[in-house]
Amino acid sequence: MPSLKELSKEKESLSGGHRLCAGCGASIVARQVLLTAPKPLVVTCATGCLEVATTIFPYTAWEMPWMHSAFENAAATCSGIESAYQSLKKQGTLPVDANINFITFGGDGGTYDIGLQSLSGAMERGHKMLYVCYNNQAYMNTGIQRSSATPKGGFTTTSPVGKVKPGKEQSRKDLTEIMVAHNIPYVAQAVVGDWRDLTTKVQKALSKDGPSFINVLTPCRLGWGCAPEKTLDIGRLAADTCFWPLYEVEEGVYKLTHKPKEKKPIIKLLKLQDRFKHLFKKGNEALLAEIQEDIDKKWKKLLFLCGEKSE
Amino acid sequence: MSDEKKGWKELPIGAILEAGTAKNYKTGDWRHIRPIWNKEKCIQCLRCWIYCPDSSIIIKDGKVDGIDLDHCKGCGICAAECPVKPVKAITMVSEKEIK
Ligand SMILES: Cc1ncc(C[n+]2csc(CCOP(=O)(O)OP(=O)(O)O)c2C)c(N)n1
Ligand code: SF4
Ligand code: SF4
């Protein structure tokens with residue numbers, strides 16, 4: 001586990017002057033991942049707020065070699081670069097001890113939906129790379145459209161709220177578990193408000209001789225309708241309500257990395273976000289109860305997988 | 001337009017070749033509230049620094065040394081995270097008040 005004192009001696013990895021909204025969680029995640037990762041680094045990024053806002057021509061906020069090619073192929077781009085690197089080492093063009101780390105960032109749209117095949121391929125082929133999904137649970141850069149990561153009952157412009165519909169009707173996809181099913185050395189869930197947990201996971205992920213994946217829940221003030229200074233509190237509350245449990249699967253072994261002292265009711269988290277405002281209106285009581293039930297069920301299953309006692 | 005298509009070797013390089021140039025772009029004027037850092041109260045826990053989304057907490061020799069107002073957008077995260085009690089070492093003040 002790195003200390004803040006140590007991390008603060010690292011060269012800044014993401015410069016100020018990018019155009020993400022004030023209080024956006026995406027750059028907090030990216031900065032913490034980049035500061036922790038052993039250098040040198042090569043980074044690729046899927047289309048999305050993090051990419052668009054950090055690389056408005058002729059500016060870039062990234063302090064390392066960085067590449068964006070398209071929305072759907074960030075993992076393929078990274079795996080291609082990693083393959084070229086392995087080949088150059090074999091050919092003797094690069095020294096055998098050139099320890100370059102490869103990282104890809106993608107939003108949930110770019111990871112859960114549109115880039116899923118390229119991510120799956122890269123993980124299955126076994127490239128030594130870390131894929132970080134900064135998951136704000138919708139396509140934010142194009143104005144808040146639903147993705148398969150959007151939770152049930154959440155408002156987006158394509159899962160609207162009105163007389164007929166109460167926001168998104170389907171449950172969110174469990175991508176973390178899909179990644180576990182790829183049998184890669186390291187998979188984890190993290191959140192933007194716990195730097196210690198996230199940076200420890202990044203260190204573990206990059207110490208593996210193969211692919212790794214971290215799914216980081218990241219509030220978006222615009223899409224979630226929340227105050228910018230609440231970004232981290234909302235993240236931590238997501239962990240404490242078990243809406244977003246913090247856990248890891250290392251070489252197939254499940255482990256909880258944060259066990260809430262007291263599991264908080266989901267309404268505490270929902271109340272801080274405008275995207276769930278309608279759930280507190282008359283007529284949506286059943287849906288609210290269903291959301292809590294879904295969370296309880298999944299939490300119970302996770303406790304079992306982690307070898308923890310059921311509550 | 002010329003009929004002759006350029007080969008990949010003749011195409012101009014489509015990249016920004018210098019890293020971290022965004023720092024030449026100022027986002028400080030987005031701010032409507034400003035973080036004021038009190039050096040005497042600060043316990044150097046570095047929480048503000050690790051959580052600032054705009055890399056705007058200035059660090060010198062492993063210690064907080066001020067705030068980069070050219071880039072700080074005034075999100076208030078640093079003040080929210082500061083653990084010093086009862087008065088925090090970073091407080092947010094309206095830009096209007098400062099002017
Ligand atoms: C193939 C393709 N389809 C659509 C777009 C338009 N587009 C650009 S950014 C974006 C949203 C990205 O959403 P997400 O991956 O969740 O990241 P976020 O913006 O939320 O950070 C979309 C749909 C595109 N650039 N390329
Ligand atoms: S729209 Fe959301 S994800 Fe995009 S920059 Fe703003 S806060 Fe960040
Ligand atoms: S107000 Fe926000 S952007 Fe400004 S220094 Fe504090 S955390 Fe950084």
Side-chain angles (χ1 to χ4, degrees), chain A residues 2-32 34-36 43 53-69 192-196 198-199 218 221 227-233 235-236, chain B residues 12-35 43-83 88 90-92 95:
Chain A
S3 76
L4 285 186
K5 198 108 219 143
E6 280 159 27
L7 287 179
S8 72
K9 291 190 185 122
E10 292 288 322
K11 192 175 164 278
E12 188 54 67
S13 48
L14 192 74
S15 83
H18 57 71
R19 258 74 74 76
L20 290 157
C21 299
C24 175
S27 50
I28 305 177
V29 171
R31 242 189 109 221
Q32 292 181 359
L34 298 171
L35 281 166
T36 312
V43 176
T54 55
T55 55
I56 295 176
F57 191 80
Y59 301 105
T60 174
W62 303 82
E63 298 278 9
M64 70 287 299
W66 179 94
M67 184 170 175
H68 162 258
S69 52
V192 75
D194 190 339
W195 70 268
R196 211 178 256 122
L198 175 60
T199 55
T218 317
R221 56 174 301 190
E229 75 278 9
K230 289 271 184 243
T231 299
L232 309 174
D233 282 342
R236 290 185 283 253
Chain B
I13 295 169
I16 304 168
L17 295 178
E18 210 182 306
T21 50
K23 54 175 104 53
N24 300 325
Y25 187 87
K26 308 267 155 81
T27 46
D29 58 359
W30 292 21
R31 197 174 50 238
H32 71 104
I33 45 172
R34 180 187 295 194
I43 56 164
Q44 296 295 347
C45 69
L46 303 177
R47 283 182 72 84
C48 57
W49 168 76
I50 195 66
Y51 284 122
C52 173
D54 289 280
S55 318
S56 294
I57 303 288
I58 301 166
I59 293 284
K60 215 167 135 189
D61 305 325
K63 286 188 168 163
V64 176
D65 194 44
I67 289 162
D68 168 9
L69 291 174
D70 281 344
H71 298 106
C72 160
K73 294 173 188 154
C75 66
I77 284 180
C78 51
E81 286 304 303
C82 177
K88 291 177 181 267
I90 300 180
T91 44
M92 303 303 293
E95 285 287 339

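Remember, predicted model here, so these are calculated numbers, not experimental data. Below, chain A is the first sequence line, B the second, and so on; all start at residue 1.
When heavy atoms are compared at a cutoff of 4.5 Å, L35(A) approaches chain B solely by way of its side chain, counted from C-beta outward. When heavy atoms are compared at a cutoff of 4.5 Å, R221(A) does not approach chain B at all. Heavy-atom distances place no part of K26(B) under 4.5 Å from chain A, backbone and side chain included. Only the backbone of M64(A) has a heavy atom closer than 4.5 Å to any heavy atom of chain B. Of the atoms belonging to T231(A), it is side-chain heavy atoms, and not backbone ones, that fall under 4.5 Å from chain B. E12(A) touches chain B through its side chain: at least one heavy atom from C-beta onward sits under 4.5 Å away, while N, CA, C and O do not. Contacts of A80(B) with chain A are made by side-chain atoms alone, with heavy-atom separations under 4.5 Å and no backbone atom involved. Contact of K5(A) with chain B is made through backbone and side chain together, with heavy-atom distances under 4.5 Å. With a 4.5 Å cut-off on non-hydrogen atoms, E18(B) touches chain A through its backbone but not through its side chain. Heavy atoms closer than 4.5 Å to chain B are found in both the backbone and the side chain of W195(A). Proximity to chain B is absent for every atom of V29(A), based on heavy atoms less than 4.5 angstrom apart. Contact annotation for C78(B): neither backbone nor side-chain heavy atoms come within less than 4.5 Å of a heavy atom of chain A.
Listed by sequence position, I59(B), G62(B), K63(B) are the residues of residues 58-66 of chain B in contact with chain A, using a 4.5 angstrom heavy-atom cutoff. For a heavy-atom cut-off of 4.5 Å, chain A lies close to L46(B), R47(B), W49(B), I50(B), Y51(B), C52(B), P53(B), D54(B), S55(B) in residues 46-56 of chain B.
The nearest pair of heavy atoms linking A19(B) to W62(A) is CB-O, 3.4 Å.
Between chain B and the residues S13(A), P228(A), A22(A), G16(A), the most heavy-atom pairs under 4.5 angstrom are made by G16(A). The residue among A30(A), C24(A), G193(A) with the most heavy atom pairs within less than 4.5 Å of chain B is G193(A). The residue among E6(A), M67(A), H18(A), K230(A) with the most heavy atom pairs within less than 4.5 Å of chain B is H18(A). Ranked by non-hydrogen atom pairs under 4.5 Å with chain A, the options D68(B), T27(B), D70(B) are led by T27(B).
For T21(B) (side chain) and T60(A) (main-chain N/O), a donor-acceptor pair under 3.5 Å exists by modelled atom type.
Atom-to-atom distance recorded for Y25(B):OH and S15(A):OG is 13.0 Å, nearest 0.5 angstrom. The distance from the NZ atom of K73(B) to the CZ atom of R19(A) is 9.0 Å, given to the nearest 0.5 Å.
Counted within 6.0 Å of CZ on R34(B), heavy atoms from surrounding residues, nucleotides or ligands total more than 12; the atom is thus considered enclosed. Within a 6.0 Å radius of NZ in K23(B), other residues, nucleotides and ligands contribute more than 12 heavy atoms.
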